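See structure below.
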Protein chains: 2
Amino acid sequence: MQNVFAPHDHANCTHSALTTVERACAERGLRLTPIRKRTLEILLEGHHALGAYDVLQKLSDDGLADKPPMAYRALNFLVEHGFAHRVERLNAYIACTHPDADHTPALWICLDCHKVAETVQAAELGQRLGQEGGFSINTLTIEAEGSCQQCRDESSND
Amino acid sequence: MQNVFAPHDHANCTHSALTTVERACAERGLRLTPIRKRTLEILLEGHHALGAYDVLQKLSDDGLADKPPMAYRALNFLVEHGFAHRVERLNAYIACTHPDADHTPALWICLDCHKVAETVQAAELGQRLGQEGGFSINTLTIEAEGSCQQCRDESSND
DNA sequence: CTATAAATGTTATGTTATAACATATCAATA
DNA sequence: TATTGATATGTTATAACATAACATTTATAG
Ligand SMILES: [Zn+2]
Ligand SMILES: [Zn+2]
Ligand SMILES: [Zn+2]
Ligand SMILES: [Zn+2]
């Protein structure tokens with residue numbers, strides 16, 4: 001999925017992410033337990049970032065988990081293996097939209113529709129920046145807040 | 001100051017930042033009140049990020065402030081006007097090392113010495129990334145965790 | 001089977017941040 | 001210089017985010 005801000009077949013979006021993650025877990029010997037799978041499904045419900053306690057509430061509604069550590073463990077599992085991303089600016093989490101690739105995403109947070117998109121072209125860019133000062137990058141966070149094309153188009157149609 | 005990871009005349013570092021901020025406040029009609037000034041001085045004590053409650057403790061030691069909102073207000077003032085930066089990855093704050101320039105910094109967090117450096121060459125880079133998807137950037141966060149040249153040099157001298 | 005590791009369940013608490021409202025101080029101007 | 005409106009500070013309370021520590025259960029390998 002390229003542009004989550006634009007209208008798209010989100011059922012397909014969800015389904016392909018889920019099957020990709022299931023395959024990746026099988027290949028890598030990771031256990032996509034019920035809590036973990038449901039947590040991913042919850043994040044996949046939309047392209048909005050959810051806080052850990054939002055996720056926990058939904059897990060609790062499903063009778064799967066009802067204590068903060070349970071949600072954090074599932075979210076951390078997904079993040080560690082690249083199936084979800086933490087949005088630092090929002091203290092929140094999104095499902096990854098290309099969970100097959102080993103990647104460092106740049107995140108685009110629309111302040112209008114509140115969707116969060118990601119692009120993967122950002123990593124080498126950071127590496128270049130860092131080399132200037134001899135800094136060796138372990139992890140790189142790139143997040144932008146602003147407005148997506150769709151929201152700007154809509155607001156100009158007033 | 002370019003490379004805060006390397007040994008440098010930090011007294012000068014502190015002094016020049018403080019006088020630059022004082023001048024900027026005078027020019028822009030901003031009030032660098034005692035709490036705000038002391039908060040800046042606290043951040044300037046080193047190139048380490050401090051949490052709001054660390055700052056609050058120091059303000060409290062000085063009898064200047066003793067409730068969370070006081071520290072957050074002072075920190076927010078400094079951040080809003082570009083005199084300090086919030087480090088999203090650390091939920092913490094650093095004094096800006098070039099408070100004269102209107103800038104979007106990239107932050108370099110050394111996991112070894114825990115110093116945080118900033119560079120200003122990053123903004124246009126983000127703009128370029130964003131334009132690809134038609135995203136209009138309001139604020140941009142670029143933060144890297146890793147190891148600085150000095151720390152890597154030292155650890156290879158074992 | 002059983003030993004081991006991994007995951008989950010649970011309690012408690014730590015950490016970060018803000019809403020809401022009261023009071024004081026500053027700065028412009030009548 | 002008194003009024004006043006804006007800005008900053010003081011205060012209470014609570015919201016929101018996150019993890020330490022330990023017990024129990026479940027999965028997997030030998
Ligand atoms: Zn979708
Ligand atoms: Zn949008
Ligand atoms: Zn310095
Ligand atoms: Zn270092």
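Source: prediction; values computed, not measured. Labels below follow one simple rule: chain letters A, B, ... track the order of the sequence lines, proteins then strands, and each chain is numbered from 1.
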Any Arg36(A) side-chain nitrogen or oxygen under 4.0 Å from OP1 or OP2 of dA6(C):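 No, no such contact exists.
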
N or O in side chain of Lys67(A) less than 4.0 angstrom from dG9(C) OP1/OP2: no

Sugar-phosphate only, base, or nothing, as touched by Leu30(B) at under 4.0 Å among non-hydrogen atoms: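 Nothing, no nucleic acid heavy atom in range.
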
Sugar-phosphate only, base, or nothing, as touched by Leu75(A) at under 4.0 Å among non-hydrogen atoms: nothing

Could you state the atom-to-atom distance from [atom1] of [X] to [atom2] of [N] in whole Å?
{"X": "Tyr72(A)", "N": "dG14(C)", "atom1": "OH", "atom2": "P", "value": "16 Å"}
{"X": "Arg89(A)", "N": "dC17(D)", "atom1": "CZ", "atom2": "C1'", "value": "17 Å"}
{"X": "Glu88(B)", "N": "dT16(C)", "atom1": "CD", "atom2": "C1'", "value": "12 Å"}
{"X": "Leu56(A)", "N": "dT8(C)", "atom1": "CG", "atom2": "C1'", "value": "14 Å"}
{"X": "Leu90(A)", "N": "dC17(D)", "atom1": "CG", "atom2": "P", "value": "10 Å"}
{"X": "Glu80(B)", "N": "dT7(D)", "atom1": "CD", "atom2": "P", "value": "12 Å"}
{"X": "Arg86(B)", "N": "dT18(C)", "atom1": "CZ", "atom2": "C1'", "value": "13 Å"}
{"X": "Met70(A)", "N": "dA7(C)", "atom1": "CE", "atom2": "C1'", "value": "11 Å"}

Hydrophobic cluster identity match, Leu44(B) and Val4(B), side-chain contacts under 4.5 Å: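 Different hydrophobic clusters.
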
Residue mapping more 5' on DNA chain C - nearest nucleotide basis, Pro68(B) or Ile35(A):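 Between the two, 5'-proximity favours Ile35(A).
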
Donor-acceptor contact present, side-chain Thr39(A) to main-chain Ile35(A), <3.5 Å: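 The answer is yes, because a donor-acceptor pair under 3.5 Å joins these two groups.
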
N/O donor-acceptor pair under 3.5 Å between His81(B) side chain and Phe77(B) backbone: yes

Stacking check Tyr53(B) vs dT15(C) (5.5 Å / 30 deg): no

Min side-chain heavy-atom separation Glu41(B)-Leu18(B) under 4.5 Å: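 Yes, at least one pair of side-chain atoms sits under 4.5 Å.
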
Salt bridge flag under 4.0 Å for residues Arg86(A) and Glu118(A):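 Looking at Glu118(A) together with Arg86(A), the answer is no, because their closest N to O distance does not fall below 4.0 Å.
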
Arg31(B) vs Arg73(A), nearer the 5' end of DNA chain D by closest nucleotide: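 First, find each residue's nearest nucleotide; the 5'-ward one identifies Arg31(B).
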
Per Asn91(A) side chain, nearest of listed nucleotides dC17(D), dT11(C), dT8(C): dC17(D)

